[in-house]
Amino acid sequence: MRPLVAGNWKMNGLGADLAELATLKAALAGDPPACDVLVCPPATLIAQAAGQVEGAFAIGAQDCHARASGAFTGDLSAEMLRDAGASAVIVGHSERRQFHGETDADVAGKAAAAWRAGLLAIICIGETSAQRDAGTANHICSGQLDASVPEGATGENTAIAYEPVWAIGTGRTPSDGEIAAMHAHIRACLVRRFGEGARAIRILYGGSVKPQNAAQILGLPDVGGALVGGASLKAKDFHAIIGGVKAQ
Ligand code: PGA
């Protein structure tokens with residue numbers, strides 16, 4: 001299983017910022033990564049980004065609508081994202097769940113749409129700090145997994161991103177033991193539901209991944225990569241994080 005290091009630019013990035021992708025492309029050409037690399041810029045930049053990186057690494061989106069087309073003003077379908085050059089889409093990010101009221105059922109619909117369009121669905125789950133303090137983190141995450149991941153998930157069509165809400169953009173991360181324990185829990189839930197084939201589904205860790213902690217986190221058992229927000233905006237930092245994946 002080749003790890004996946006994915007960058008989520010969120011609502012950041014104008015045309016001028018595509019220069020970061022050119023820098024990253026050049027850096028990776030001189031230092032081939034030991035993982036798959038994906039950058040998810042805002043949708044406005046997907047086509048330009050895909051044209052610019054020319055397959056040196058993958059370009060993805062941050063959200064999609066569940067339907068292929070229709071009267072949904074302002075929304076984008078997975079087919080449109082694919083057509084623009086995306087090969088993956090993040091669904092169910094906690095910011096979508098929080099600010100757009102997305103439910104697990106909405107997220108499952110988006111993941112199924114991603115598959116329909118031939119995109120890798122990166123399905124996000126994660127507990128809040130109150131839920132962790134209450135000792136319900138495992139329960140919350142298995143509930144999100146059950147209801148946000150549609151039937152038919154495989155290593156080819158799906159990656160799970162475990163992103164504790166309290167670690168996103170805060171500079172705080174769980175301990176190594178907490179990350180390893182949650183990833184083992186997620187793996188067990190996936191195998192119970194989808195069988196042994198679910199061992200091929202990559203489980204990414206996300207939340208305050210930086211050049212300083214990347215190698216440590218990426219080396220933990222059952223951590224199949226990272227979903228990186230703030231530190232993916234600068235090619236130098238993101239390249240250093242990618243370098244945290246050790247060649248197998
Ligand atoms: P962060 O964001 O790396 O800035 O904490 C991660 C994410 O939200 O995907």
Side-chain angles (χ1 to χ4, degrees), residues 3-13 17 20 24 35-43 45-46 49 57-64 81 86 88-102 107 110-111 114 119-129 131-132 137 140-141 144-145 148-149 158-176 178-179 182-183 186 202-218 220 223-245:
L4 169 64
V5 174
N8 172 13
W9 280 15
K10 308 192 179 184
M11 198 173 73
N12 298 291
D17 297 299
E20 295 298 327
L24 180 63
C35 60
D36 293 340
V37 175
L38 168 71
V39 173
C40 302
L45 295 181
I46 288 173
F57 52 91
I59 297 297
Q62 301 172 15
D63 180 44
C64 67
L81 299 169
V89 59
I90 299 166
V91 294
H93 190 280
S94 69
E95 288 151 15
R96 301 290 315 175
R97 293 176 184 265
Q98 185 183 347
F99 302 129
H100 295 266
E102 291 186 8
V107 177
K110 290 169 184 238
L119 302 180
L120 174 77
I122 301 176
I123 304 174
C124 302
I125 61 167
E127 82 284 357
T128 64
S129 62
Q131 290 163 338
R132 178 156 286 269
I140 292 295
C141 288
Q144 290 179 338
L145 271 181
S148 306
V149 181
T158 299
I160 304 298
Y162 168 57
E163 300 204 300
V165 177
W166 50 275
I168 295 175
T170 59
R172 291 171 59 209
T173 54
S175 69
D176 291 353
E178 286 168 334
I179 295 174
M182 182 58 84
H183 281 236
I186 293 167
R202 292 173 287 194
I203 306 171
L204 317 183
Y205 169 78
S208 296
V209 176
K210 308 274 179 237
Q212 299 81 340
N213 61 18
Q216 177 88 7
I217 291 172
L218 288 163
L220 294 171
V223 173
L227 182 54
V228 184
S232 72
L233 294 171
K234 292 287 167 224
K236 188 165 172 287
D237 288 344
F238 194 49
H239 184 240
I241 290 169
I242 292 163
V245 178

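Read the numbers this way: they start at 1 and go in the same order the structure lists the ligands and their atoms. Nothing fancy with the numbering, it's 1 onward along the sequence. Values below: every heavy atom of this structure, side chains too, minus hydrogens, waters and symmetry copies.
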Between Tyr205 and His183, what is the ring plane arrangement, given parallel below 30°, perpendicular above 60°, and tilted in between?
-> tilted
Go through ligand 1 atom by atom and flag the ones less than 4.0 Å from a non-hydrogen atom of Leu227.
-> 9 (O)
Name the closest protein heavy atom to atom 9 (O) of ligand 1, giving the residue it belongs to and the distance to 0.1 Å.
-> Glu163 OE2, 2.6 Å
Apply side chain to side chain contact (heavy atoms under 4.5 Å, CB included) to the pair Thr173 and Lys210, showing each step before the final yes or no.
-> CA-CA 10 Å; Thr173 54; Lys210 308 274 179 237; over 6 Å; no
Can you name the closest pair of heavy atoms from Ala167 and Ser208 and give their distance?
-> O-OG, 2.6 Å
Would you kindly specify which portion of Ile168 sits under 4.0 Å from ligand 1, judged on non-hydrogen atoms: side chain, backbone, both or neither?
-> both
Note: ligand 1 atoms sitting under 4.0 Å from heavy atoms of Ser208 are 1 (P), 3 (O), 5 (O)
Gln216 (side chain) donor-acceptor with Asn213 (main chain) under 3.5 angstrom = no
Quick one: look up the protein heavy atom nearest atom 3 (O) of ligand 1 and list residue, atom name and how far away it is.
-> Gly229 N, 2.8 Å
Counting from 1 in the order shown, the ligand 1 atoms closer than 4.0 Å to a non-hydrogen atom of Lys10 are 2 (O), 7 (C), 8 (O)
Tell me: protein heavy atom nearest atom 4 (O) of ligand 1, and distance?
-> Gly230 N, 2.9 Å
Report, in ascending order of atom number, the atoms of ligand 1 lying under 4.0 Å from any heavy atom of Asn8.
-> 9 (O)
By number and element, which atoms of ligand 1 are closer than 4.0 Å to a non-hydrogen atom of Gly207?
-> 5 (O)
Using a 4.0 Å heavy-atom threshold (strictly under), name the region of Ala167 that reaches ligand 1: side chain, backbone, both or neither.
-> backbone
Is there a donor-acceptor pair under 3.5 Å between the side chain of Gln62 and the backbone N or O of Pro41?
-> yes
Exam field: side chain Ser232 to backbone Gly229, donor-acceptor pair closer than 3.5 Å = yes
Can you list the atoms of ligand 1 that are under 4.0 Å from a heavy atom of His93?
-> 7 (C), 8 (O), 9 (O)
How far apart are the C-alpha atoms of Met11 and Glu95, what are their side-chain angles, what is the distance that settles it, and do they pass the side chain to side chain contact (heavy atoms under 4.5 Å, CB included) test?
-> CA-CA 11 Å; Met11 198 173 73; Glu95 288 151 15; over 6 Å; no
Sub-3.5 Å N/O-N/O distance, Gly169 and ligand 1 | yes
Polar contact flag for Thr170 and ligand 1 (N/O pairs, less than 3.5 Å) | no
Candidate list Thr128, Val165, Ile125, test side-chain contact (heavy atoms from CB on, under 4.5 Å), partner Ser94, passing option = Val165
Of His100, Arg96, His93, the residue whose pairing with Asp63 passes side-chain hydrogen bond (donor to acceptor under 3.5 Å, both in side chains) | Arg96
